[in-house]
Amino acid sequence: MIAKVIVDVPTSQTDRLFDYDIPKEWEEIIQPGLRVIVPFGPRKIQGFVVDVAKESTFHKTKPIDDLLDVVPVLTDELLSLGAWLSEETLCFQLSAYQLMIPAALRTKVKKELRLLAHIETVPPSIRPYFQGGKNPLWNDLLKDNNVSLKEIQQAVKEERLEVCYQIEEKGKKKTERYVKVSEKSTVKDIPARAAKQRELLAYIQSLGQPISVQLLLQETGMTRQTITTLVKKGFVQEFEKEVYRDPLAGVEYEQTSPLKLTEQQQEVITPILDSLETKSHHTFLLHGVTGSGKTEVYLQAIDQALQQELEAIVLVPEISLTPQMVQRFKGRFGKKVAVLHSGLSMGEKYDEWRKILRKEVQVVVGARSAIFAPFTNLGIIIIDEEHETSYKQEENPRYHARDVAIFRGKHHQCPVILGSATPSLESYARAKKSVYKLLPLTERVHSRAMPTVQVVDMREELRNGNRSMFSYALLEKLRDRIEKGEQTVLFLNRRGYSTFVMCRDCGYVATCEHCDISLTYHRTHHTLKCHYCGHEEKMPNKCESCGSEHIRFFGSGTQKVEEELTRVLPEAKVIRMDIDTTRRKGSHERLLSAFGRGEADILLGTQMIAKGLDFPKITLVGVLAADSMLHIPDFRSAERTFQLMEQVSGRAGRHDLEGEVIIQSYTPDHYSIELVKSHDYEQFFQMEMNQRKVGLYPPYVFMVLITISHPELTNVITVSEKVVSFLKRELLESTTVLGPVASPLARIKDRYRYQCMIKYRNEPRLLETLREIRQHFIREINQGNLQVSIDLHPYLFT
DNA sequence: AGCACGCCGACT
DNA sequence: GTCGGCGTGCTC
């Protein structure tokens, strides 16, 4: 029998199957999805078995060396998903499979030296390494300049030393020491004067089951010595037991039960339940305004899946994986839930993952990579806040969790639900074309009103002599809330901190005459540049629109805002939440719960406070600079602005008190800001779609971004030009190839970067052509200087 | 990725 | 004549 193996060597030359003999004794055991150790040239490496066959066309097959697993770590479905993913994202199959297993399982095979003869026979320089019967690692010897490799090689040849391969598994299963009573031991057998021992044995006996040593000590107040004596005398046995690391140890979740659904909720859940019951795949776009009760719909749909003995995956954006969110799922489904996010340690992630593999949980709540949870009976997949860009991985493999979800939905014939108050244009357009099924939730639960939104024109403020970052209207309302003891959320968007140029008098922003996208200021040449078409112009001294000299770059930090806030409102208690104040583990939750307890009047923060906040006393939301994101040179900037404004507005008035929103802007007339007033997603969608049509952007076209980098600028330019002319030659006439132009980040780590862009509607030879490009530059790539990164459906243009 | 093989310059 | 530089190519 032959195993087809993907070896752990991430290069394009080895990105194919290698055949290995399966030794007789393993024929029953080896199956697809197992990890194995195989000989590869002169060394031993790890690999994934992806298939088993009768025979090989290769005539010099070697046998598999060792097994790393007994139970497959990849299911058949995940194996085929990996193959598909590597096709679609142009990554190595190996990388796709590594994505699906926890980091703890990504083993390294290390080379170590062992003594075959007496220590005196090996070179003196390496003798110290063998002290205490140790086997030194090859790499450690290499680092030592006194050690001569020649001598080692000689010793190996003469069989005084041998080179062995040691598997180093990073993920250790956590164990604890347990004790249990030995058979037929009785208290009577212990001398009466050993009262402590008697008492302890009796206690363990009374439990009727093994107990962890730590817990035993805690509960009885005895010393370790007493236990050891009992063990020595043979009355009890001590052993290691595997335990799970519990990141949420001690946290109690209040059990919740299903709420009565509103009429609208009932309407949207019906087709989902239908899809579940008939086991047919549909992708639903659940478009529900903030506060419309999407989560309750998710919960009840999952409940239905569980009743059918099926499993569920829920994806949540990383930043909203707060205890508040986890609470809602744990509260309803208790121990059936595993949580996977980046805040967990490697060991904790490994444990959560193993619970899934062993079918000890049926629901996974997690960030992007949780979409690969090794379930085998999926009943439903939910992607909350579907428009979030964090669902796209920005490094290889550059996959989008939405695409993976739909692949798995089709495989399991189960519903996929994309939920959002502000769907991505791509998804909404698909829903309009009936590719997805649109499920609208237009009302908030308990018929609460949407918050009223007031847009303040900051140009006007400036004209009225207000040079501060707070408008009169916002200040007045802030004072009002403090007086009433109500709370305010102040939102400052730091993304787009960078370098767009704007006139403080008229709001004019320098844009590219060819692309209708704001220009980026380049300090090096004091110029303005377009990152899409390469257009370049001089940085103006005066506003081109009104002639004012108040033209400047934009950007302001939370810290500065906080200072100013304490100056103008000294009585206000402020909690600041940004990357700086939430870096430490748990500080995120601490700050939020402090705010929830009413320990502050104002919560000031960035992105991270835009989501999931649900506190009854928040009645005012202020957005300090709504435009900051609008002028990022990205065709999605208007979409992101609208989404964010809506998202932030949703924080206000979610309970009995009515909510109010103040948005400060220098471009109050822009539709992405204007339309927040009426919370009119539909209208925004229409406007933005027009823009996309004119500019030829998704969803009207698909895009591919190719980034070329090299330490030598001239090299980057030559290669980029070759790439572009090759693309133009190979691809259809209807396809647009743009560039090459310097990337927005024109140099990273001493490497120059150029990019080109493909826009296409239908391009059957696309993947093939892109693969050819990689292949063509393979030599230069292998020499390690050239990098060609290919991003299909990019979300980031740096 | 590693590692071997192989073909040229510098040296005991 | 040999040692060692790293360009090239292979690994079931």
Side-chain angles (χ1 to χ4, degrees), chain A residues 1-24 26-27 30-68 79 83 86 90-99 103 105-113 136-143 145 147-157 161-168 170 395-397 710-712 715 774-789:
Chain A
M1 294 288 274
I2 293 292
K4 307 256 176 197
V5 175
I6 292 284
V7 293
D8 186 14
V9 182
T11 56
S12 53
Q13 293 151 72
T14 50
D15 185 31
R16 58 191 177 86
L17 296 173
F18 287 84
D19 294 355
Y20 287 90
D21 287 327
I22 302 177
K24 266 265 161 349
W26 287 338
E27 278 189 357
I30 290 196
Q31 49 180 316
L34 283 179
R35 293 172 306 148
V36 288
I37 297 291
V38 290
F40 198 64
R43 62 214 170 100
K44 294 205 167 73
I45 57 168
Q46 197 205 134
F48 289 94
V49 176
V50 298
D51 204 358
V52 174
K54 281 249 147 50
E55 50 197 37
S56 173
T57 50
F58 194 79
H59 46 274
K60 281 187 291 189
T61 50
K62 293 179 183 176
I64 290 176
D65 200 75
D66 206 352
L67 298 175
L68 281 173
L79 285 169
S86 74
L90 301 171
C91 73
F92 306 133
Q93 275 194 68
L94 173 76
S95 321
Y97 293 138
Q98 277 181 335
L99 205 61
L105 285 185
R106 278 168 231 162
T107 53
K108 276 258 172 268
V109 184
K110 289 214 165 174
K111 243 172 30 166
E112 69 174 28
L113 276 181
L137 289 174
W138 182 266
N139 279 355
D140 292 342
L141 294 181
L142 274 184
K143 278 183 219 142
N145 290 329
V147 174
S148 129
L149 280 182
K150 263 225 109 91
E151 285 181 318
I152 297 178
Q153 269 174 346
Q154 190 62 29
V156 171
K157 235 178 235 169
L161 282 176
E162 104 183 294
V163 180
C164 289
Y165 290 86
Q166 197 63 35
I167 303 146
E168 191 187 76
K170 290 186 213 144
E395 64 218 45
N396 263 318
H710 192 279
E712 304 285 337
N715 251 316
R774 274 250 179 96
Q775 204 52 43
H776 188 262
F777 295 103
I778 196 89
R779 181 169 302 172
E780 283 144 280
I781 291 171
N782 278 345
Q783 280 167 357
N785 287 327
L786 183 68
Q787 272 174 25
V788 179
S789 118

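Chain letters run A, B, ... following the sequence lines, proteins first and then strands; every chain starts at 1.
Remark: A:Gln13, A:Thr14, A:Arg16 in residues 4-17 of chain A come within less than 4.0 Å of DNA chain C through at least one heavy atom.
Ring orientation note: the planes of A:Phe18 and A:Phe40 are nearly perpendicular, at an angle over 60° on the 30°/60° scale.
Following rounding to the nearest Å, A:Ile45 (CD1) and C:dC12 (P) show an atom-to-atom distance of 9 Å. Atoms CG (A:Asp51) and C1' (C:dC12) sit 15 Å apart, rounded to a whole Å. In this structure, A:Asp65 places its CG atom 14 Å from C1' of C:dC12, rounding to the nearest Å. Going from atom CD1 of A:Ile37 over to atom P of C:dC12 covers 14 Å, rounded to whole Å. Atom OH of A:Tyr20 is separated from atom P of C:dC12 by 5 Å (rounded to the nearest Å). Rounded to a whole Å, the CZ atom of A:Arg779 is 10 Å from the C1' atom of C:dG7. As a whole-Å value, the separation of A:His59 NE2 from C:dT11 C1' is 14 Å.
Between the side chains of A:Asp21 and A:Thr61, at least one donor N or O sits under 3.5 Å from an acceptor N or O.
If you take CH2 on A:Trp26 and CG on A:Asp66, they are separated by 5.0 Å, rounding to the nearest 0.5 Å. Atoms CD and CD, on A:Glu27 and A:Gln31 in that order, are 13.5 Å from each other to the nearest 0.5 Å.
Lacking a ring centre under 5.5 Å from that of the base six-membered ring together with a plane angle below 30°, A:Phe18 does not count as stacked on C:dC12.
Using a 4.0 Å heavy-atom cutoff across all strands shown, A:Phe58 reaches at least one base atom of the nucleic acid.
Within the 4.0 Å cut-off from OP1 or OP2 of C:dC12, at least one side-chain nitrogen or oxygen of A:Lys62 is found.
Once you apply a 4.0 Å limit to the heavy atoms of chain A, the touched nucleotides of DNA chain B run 5' to 3' over B:dA1 to B:dC3.
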> Checking side-chain contact (heavy atoms from CB on, under 4.5 Å) for the pair A:Ser12/A:Phe92: CA distance, chi angles, key distance, verdict?
Replying inline: CA-CA 7 Å; A:Ser12 53; A:Phe92 306 133; 3.9 Å; yes
> Is there a side-chain contact (heavy atoms from CB on, under 4.5 Å) between A:Lys4 and A:Asp19 once you walk through the steps?
Replying inline: CA-CA 5 Å; A:Lys4 307 256 176 197; A:Asp19 294 355; 3.4 Å; yes
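At least one donor-acceptor pair under 3.5 Å links the side chain of A:Arg774 to the backbone N or O of A:Leu90. Distance alone, capped at 3.5 Å, is enough to place a donor-acceptor pair between the A:Tyr20 side chain and the A:Pro39 backbone. Here the side chain of A:Arg35 pairs a donor or acceptor atom with the backbone of A:Leu105 at under 3.5 angstrom. Between the side chain of A:Asp15 and the backbone N or O of A:Gln93 there is at least one donor-acceptor pair closer than 3.5 Å.
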> Would you write out the dot-bracket form of DNA chain B, 5' to 3', with Watson-Crick and G-U pairs under 3.5 Å, [ ] for crossing pairs, | for pairs to other strands and . for unpaired bases?
Replying inline: |||||||||||.
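Side-chain contact between A:Leu94 and A:Val7: absent, with no pair of heavy atoms (C-beta onward) separated by less than 4.5 Å.
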